[in-house]
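As C-alpha cells, the structure follows; a few thoughts come after it.
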There are 2 protein chains.
Amino acid sequence: MGHVLDKLDKKILHFISQNARTPFLEIARECNVSGAAIHQRVQKLMQQGVIRSSEFVIDQYKVGYQTCAYIGIVLKSNVEFQDVVNHIKEIPEVVECHYTTGKYAMFIKIYAKDNRHLLRLLLDKLAVIPGVANTETFQLSLEEIFRRQLSVFGEEVNTEQDKN
Amino acid sequence: MGHVLDKLDKKILHFISQNARTPFLEIARECNVSGAAIHQRVQKLMQQGVIRSSEFVIDQYKVGYQTCAYIGIVLKSNVEFQDVVNHIKEIPEVVECHYTTGKYAMFIKIYAKDNRHLLRLLLDKLAVIPGVANTETFQLSLEEIFRRQLSVFGEEVNTEQDKN
DNA sequence: TGTGAAAGCGACCCTAC
DNA sequence: GTAGGGTCGCTTTCACA
C-alpha cells in the first residue's frame, strides 16, 4: 500500500502510463532533472511493483475479435476458488479475472471472434468447469466508448515547474 | 475489419504487447529479418489502428486506489446516449465505458480509493447524471486474480523459424 | 538521491534491390 | 516489401557530490 510517491514519481508515471515509448530524456527535460534520475526512479518503481509492466495496446476488433463480454460466475458451495481459477486461466480468451463480493463469486472479461464463438466458450469451456454453478453474461457492444488509465496524476502534474 | 496480418505481424504484436520496451532490433533477430522491417511493420500497424497505443501499466492498489467496481447503468427512456457518455467521461475514476445489449445500457469500470469514495462517486457523480435511471454495482475484490492481453498469437508464434 | 560524462546501442532515414 | 549503412539520440553505468 503506502508507497509514498513524490511529485517527480507522479510526473514520471503520468508520462509513461500514456506512452510507454516516451524517451526518458524527454521526461527528464520536462521535469528539469537529469536522465539518470528518471532512469533510477523508473527502476525503483518497477522494483516496488508500482509499475507492473509495459505493453502495446492492440485493437482487438481489428485483429478479428468482434465480441467482448463481462461474465459473472456463481460457484457451487464448498468449492475451492483456486481450482476454478486454474481452469479459467487455461482459457486464453479470458483477459481479466476478479473475485467479487455479492451476487457473483467471480467476474471475468472475455473476448470472442463472434457470437457463435462466445457461445461455444460459455458452453464448452466455462460451464463445464467443476464448481461453476451458473454464469450471467453481459455482452458488450462492438464499440468500446473509451478506455484509459487512471489519471491519478492529472491534477497534480504541472509540466512547467521545478521538481519539488 | 479484415486487416490481414501475416505471421511476422503476429510475432511482432506478440512481443510488443507484452513488453513495450522490447528493442525492435531484438525482435528483428528473433524473426530473422532486418530491424528496418520491424520498424516499418510497426509503423504500418499503428497507422492501421491495429496498435492503439503503448503504456506502462500502473498497479492501482499501490498508488492508493484500493477499490474497483464494474457498474451496470440503466437509462431512462428517450435518453441520448452520447449526453450520458459525455458526463461519464468527466469522471476521471472511470477507466472503461462500454455500450451493452440486454439488461443495462452501459457498463463501466471504475476505481476508487476506498468504499466511502466509491459510494460518493456513485451518489454524487453517477446517479445525478440526467438520464441515468439506476445503477447496479459489482464490487471487485482487492486482488485482481489476473489481467493480460489477448494472446491471439500464442499458438501461431513460433520463435525459431523462418519468416513464412 | 541526483549529476554529468562516457560508452554502447538502437531508432530512424535513405538508398538500393 | 526488405536489406544495409550512417547519423543522431537514447539508455545505462559509473564516480562523485
Side-chain angles (χ1 to χ4, degrees), chain A residues 2-58 62-63 153 156-164, chain B residues 1-59 62-63 153 156-164:
Chain A
H3 281 281
V4 183
L5 302 179
D6 64 10
K7 281 201 175 134
L8 181 53
D9 289 322
K10 291 184 181 180
K11 268 195 192 180
I12 294 171
L13 291 175
H14 174 74
F15 284 115
I16 67 178
S17 69
Q18 307 207 11
N19 179 355
R21 287 268 175 171
T22 311
F24 292 168
L25 266 179
E26 197 177 312
I27 301 173
R29 285 189 291 265
E30 292 279 355
C31 299
N32 297 316
V33 294
S34 70
I38 303 293
H39 183 248
Q40 289 167 3
R41 293 287 190 123
V42 170
Q43 294 247 316
K44 199 187 67 186
L45 290 168
M46 291 202 290
Q47 278 174 7
Q48 292 175 330
V50 173
I51 295 172
R52 295 174 63 164
S53 59
S54 71
E55 58 191 34
F56 272 75
V57 182
I58 313 300
K62 297 223 170 156
V63 297
F153 317 111
E156 310 179 40
V157 174
N158 214 319
T159 46
E160 296 295 339
Q161 70 180 37
D162 51 342
K163 61 188 166 184
N164 286 318
Chain B
M1 319 275 71
H3 281 283
V4 182
L5 303 179
D6 64 10
K7 281 201 174 135
L8 181 53
D9 289 322
K10 291 185 180 179
K11 267 194 192 181
I12 293 171
L13 292 175
H14 173 75
F15 284 115
I16 67 179
S17 68
Q18 307 209 9
N19 179 355
R21 288 267 174 171
T22 311
F24 292 168
L25 272 178
E26 197 177 312
I27 300 173
R29 285 189 291 266
E30 293 278 355
C31 300
N32 298 316
V33 293
S34 73
I38 304 293
H39 182 247
Q40 288 167 1
R41 293 287 189 122
V42 170
Q43 295 247 316
K44 199 189 64 186
L45 290 168
M46 291 202 291
Q47 277 175 6
Q48 292 176 329
V50 173
I51 295 172
R52 297 175 61 163
S53 61
S54 70
E55 58 190 34
F56 271 74
V57 182
I58 312 301
D59 188 325
K62 297 223 169 156
V63 297
F153 317 113
E156 309 180 40
V157 174
N158 215 320
T159 47
E160 295 295 340
Q161 73 181 33
D162 51 341
K163 61 188 163 182
N164 287 317

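Quick note on labels: first sequence line is chain A, next is B, and so on, each numbered from 1. All values reported here derive from a predicted model rather than from experimental measurement.
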Checklist entry - Under 4.5 Å between any side-chain heavy atoms of A:Gln18 and B:Glu55, yes or no? => result no

Next on the checklist: Closest approach to the side chain of B:Phe24, judged atom by atom: which nucleotide of C:dT3, D:dT2, C:dC12 is it?
Outcome noted: C:dC12

Checklist entry - Looking at B:His39, B:Gln40, B:Arg41, which hits side-chain contact (heavy atoms from CB on, under 4.5 Å) with B:Gln43? => result B:His39

Next on the checklist: Would you say that B:Val50 contacts B:Asp9 through its side chain, given a criterion of any heavy-atom pair below 4.5 Å between the two side chains?
Outcome noted: no

Checklist entry - Considering only side-chain heavy atoms of B:Ala36, which listed nucleotide, C:dT1, D:dA3, D:dT11, is closest? => result D:dA3

Checklist entry - Out of C:dG2, C:dC12, D:dG1, which nucleotide sits closest to the side chain of B:Lys44? => result D:dG1

Item to check | Distance below 4.0 Å between A:Arg21 side-chain N/O and D:dG9 OP1 or OP2 | outcome: no

Checklist outcome for this item: Out of C:dG2, C:dT3, C:dG10, minimum distance to the side chain of A:Arg41 belongs to C:dG2

Item to check | Interatomic distance where CD belongs to B:Gln47 and P belongs to D:dG1 [whole Å] | outcome: 11 Å

Item to check | Separation of atom CD1 in A:Ile16 from atom C1' in D:dT11, rounded to whole Å | outcome: 15 Å

Next on the checklist: Output the rounded distance in Å from CD (A:Gln40) to C1' (C:dT3).
Outcome noted: 9 Å

Checklist entry - For the pair made of CG in A:Leu8 and P in C:dG2, what is the distance, rounded to whole Å? => result 7 Å

Checklist entry - How would you label the contact of B:Glu26 with the nucleic acid (heavy atoms, under 4.0 Å): base, sugar-phosphate, or nothing? => result nothing

Checklist entry - Which distance, rounded to the nearest 0.5 Å, do you find between the CG of B:Leu5 and the NZ of B:Lys44? => result 8.0 Å

Next on the checklist: Nearest whole Å is fine: how far is C:dA11 C1' from B:Arg29 CZ?
Outcome noted: 13 Å

Checklist entry - For B:Leu25 and C:dG8, what is the distance between atoms CG and P respectively, to the nearest whole Å? => result 17 Å

Next on the checklist: Does D:dT12 have OP1 or OP2 under 4.0 Å away from a side-chain N or O of A:His39?
Outcome noted: yes

Item to check | Nearest-Å distance for atom pair CD1/P, residues B:Ile27 and C:dA11 | outcome: 8 Å

Next on the checklist: Using 0.5 Å steps for rounding, measure from the CZ atom of B:Phe24 to the CD1 atom of B:Ile12.
Outcome noted: 8.5 Å

Checklist entry - To the nearest angstrom, how far is B:Lys7 atom NZ from D:dG1 atom P? => result 18 Å

